[in-house]
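Just so we're on the same page: letters track the sequence lines, and every chain starts at 1.
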Amino acid sequence: MTQSTSHAPKHSAPEVRSGADTVPSTGIWRDKFGLRLWVRLVIAALVVVATISLSGGLNSHDTYLYGTLAAWALIASSLNLVVGYAGQLNLSSGAFLALGAYIGVLGTGRYDWPGWKSLLIAGLIALAFSLLLGLVIFRARGLHFALITAGISIIGYNVALLWKEKTGGAAGISSAGPIEEGGIARPFVLGPIELSQEVHYLRAMVVVLVVMLLATSVLVRRKLGLSWQATRDDEVLAASVGVRVARSKRTAFAASSVLISLVGVLYGHWLGFITPGSFDFATAAFEPLAMVIIGGAGTLLGPMVGALVVVGFPELFNGLKDYSTLVYAALLLLVVMVAPKGVVGVVESTWRRVRRGKRPSEQEKETER
Amino acid sequence: MTQSNLAEGPSPTQQRPDVLATQGVSMAFRGLKALQDVTIALPEGTVTGLIGPNGAGKTTLVNVLSGLAAPTEGEVFFEGERVRRWTLGSAARAGVAKTFQQSRVFGEFTVLENVELGALNSRHDVDAFHVLEMLDLAPRWNLLAGELSFGELRRLGVAIALATRPKVLLMDEPGAGLTGVDLDQLSVAIGRIRDEGTTILVIDHNMRFLMNSVERVIVLEGGMVISQGTPAHVQTDERVIAAYLGGSHVAD
């Protein structure tokens, strides 16, 4: 008995591997679709080259539109780590986005910090906050967790409104220097890179998005990312195989919150002028979550697709603008009911079915054995 | 078939060291004593059955052993040492794995990935395909866990636990709800797992399934151990007959 089992893998494993699906589905060099790392790198490079070469020809409205899209795709993709991969319904993104944006705008406009310093400070503060919060918020689960994190966003909004000395209160602040300079927004300077025009921000955000998605595609196949997903799928089972469940949730929350803050620095500069209204609950907490869920929580491209839907909707249906939150809520409800893995989830399962359908004979052979 | 496979395995002897043991474990839930002064031992490389009527404390005992619950009194010993901070996670990392009554799996992953997730925190290298083959799941490696049949799902649950490369595998009613071929396959798989050196504790209601698969039996009743020993010894124990087996079963 023992002998036959110990020899078996050498014979049957390659056979099985070449069966219904020739692609081993794990390993860091391939993602769920079986794309090798170099394929992903080529796609990423093509997207970057295309963006840089094509973005110059865009008119100002389109530049703004694509910039908005890239910004929200970044925010939603960052949020996806904790919501999609670790399965925690986090609504605190508004507070961390505001944190990064205010630090960025203050750093450039008031304190003359170089860009890296704003990023460093925003990242460290977000890290400290998220680690401290992580110690308490995960005592709650599910809806209670959502409620507590929603509270964090609401507190963030109120701090922005009331801490007038730093934030300028309801009147807001801008990245422009003193009025003697003419009140023109200062560029975001990061070493040799200087972002001043709208199109610069668009390019920068697309590059960051591409890098973030590449990094995510590798991360979710490594131990940390897999621990998040195991925790999401079944906490008790995950713990029973030795996954440190509490630590997984905390690291996902911290990673996501720090990224959102860093994106916030860029986002604040891109807006140039920020008020608490830029970070109200509906805009900065609910909508990113809606993007993640509509597009496909826990999928690589889902948040981007979600951003496309949520940002694109008001663009397509201009008259609906005031009701946009209502529309997302309805859309969200629909997605949760009929497609819990969002748009990308539907595409993925269809893709699986189509591929399987192609080779029915081999599938049967496997079953018979 | 099943019986002969298992009967050929190493016979339990007194010299084998105990991998997992309890000493005077009691568990009280608001006055209700679920376990009372339970002292048991699992000798290395054996399959032990844990039986007893409903409410006898079987699941509670497994929870104590697996770190899911802390006993109100008494101690748990792993490889001869008293355990401290024994949680489900630390027990798993130390080498005590558990399977669940309800087939828990990682639903969004394929069968192979489920095993790899199980192996994520193992201190040893794990051949995921070998684990799948031990559970007769290799041909299913690329299906999503959600696409498996009931019996396969149960075996995948065992595969996930086995992927941690445990020294001890605690199985909470692995045969519950299974019939025919599924039950046989599971029984054979338990034999294979034991043959590779894993110590196993199996809870089950199905007396025939258990008596054929195990070398030692522990009988719980009302939170107390009323009998412990070989199946033959236990089956003739008058207290066991009175409490659980009943005349008709013994006659088999």
A.B. asks: Heavy-atom pairs under 4.5 Å with chain A: which of B:N114, B:V105, B:T87, B:N121 has the most?
C.D. replies: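 If we count pairs closer than 4.5 Å to chain A, B:N121 comes out on top.
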
A.B. asks: In terms of heavy-atom contacts, does CG of A:L143 have more than 12 from other residues, nucleotides or ligands at under 6.0 Å?
C.D. replies: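 Count not over threshold, so no.
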
A.B. asks: Going from CG on B:L117 to CG on A:D234, what distance comes out if it is rounded to the nearest 0.5 angstrom?
C.D. replies: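 Answer for the CG-CG pair, B:L117 versus A:D234, is 11.5 Å.
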
A.B. asks: Using non-hydrogen atoms and a 4.5 Å limit, figure out which bit of B:F100 sits close to chain A: side chain, backbone, both or neither.
C.D. replies: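 Just the side chain, heavy atoms under 4.5 Å.
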
A.B. asks: Which heavy atom in B:E108 sits nearest to a heavy atom in A:D233, and how many Å separate them?
C.D. replies: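 Heavy-atom minimum between the residues: N-OD2, 3.2 Å.
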
A.B. asks: Any idea which heavy atoms bring A:G242 and B:A92 closest together, and the distance?
C.D. replies: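 What the structure gives for the nearest pair is N-CB, 3.5 Å.
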
A.B. asks: Could you give the distance from CZ (B:R104) to CD (A:E235), rounded to the nearest 0.5 Å?
C.D. replies: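 Here the rounded value is 10.0 Å.
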
A.B. asks: Measure the CG-CZ distance between A:L226 and B:F106 for me, rounded to the nearest 0.5 Å.
C.D. replies: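 Result: 10.0 Å between the selected atoms.
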
A.B. asks: Considering all heavy atoms of both residues, which atom of A:S240 and which atom of B:K98 are nearest to each other, and what is their separation?
C.D. replies: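 Closest heavy-atom pair between A:S240 and B:K98: OG-O, 4.3 Å.
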
A.B. asks: Let me know if A:V245 has heavy atoms under 4.5 Å from chain B in its side chain, its backbone, both or neither.
C.D. replies: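 Looking at A:V245, nothing touches chain B.
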
A.B. asks: Taking atom CZ of A:R244 and atom CG of B:L120, what is their separation to the nearest 0.5 Å?
C.D. replies: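 Spacing of CZ (A:R244) from CG (B:L120) equals 11.0 Å.
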
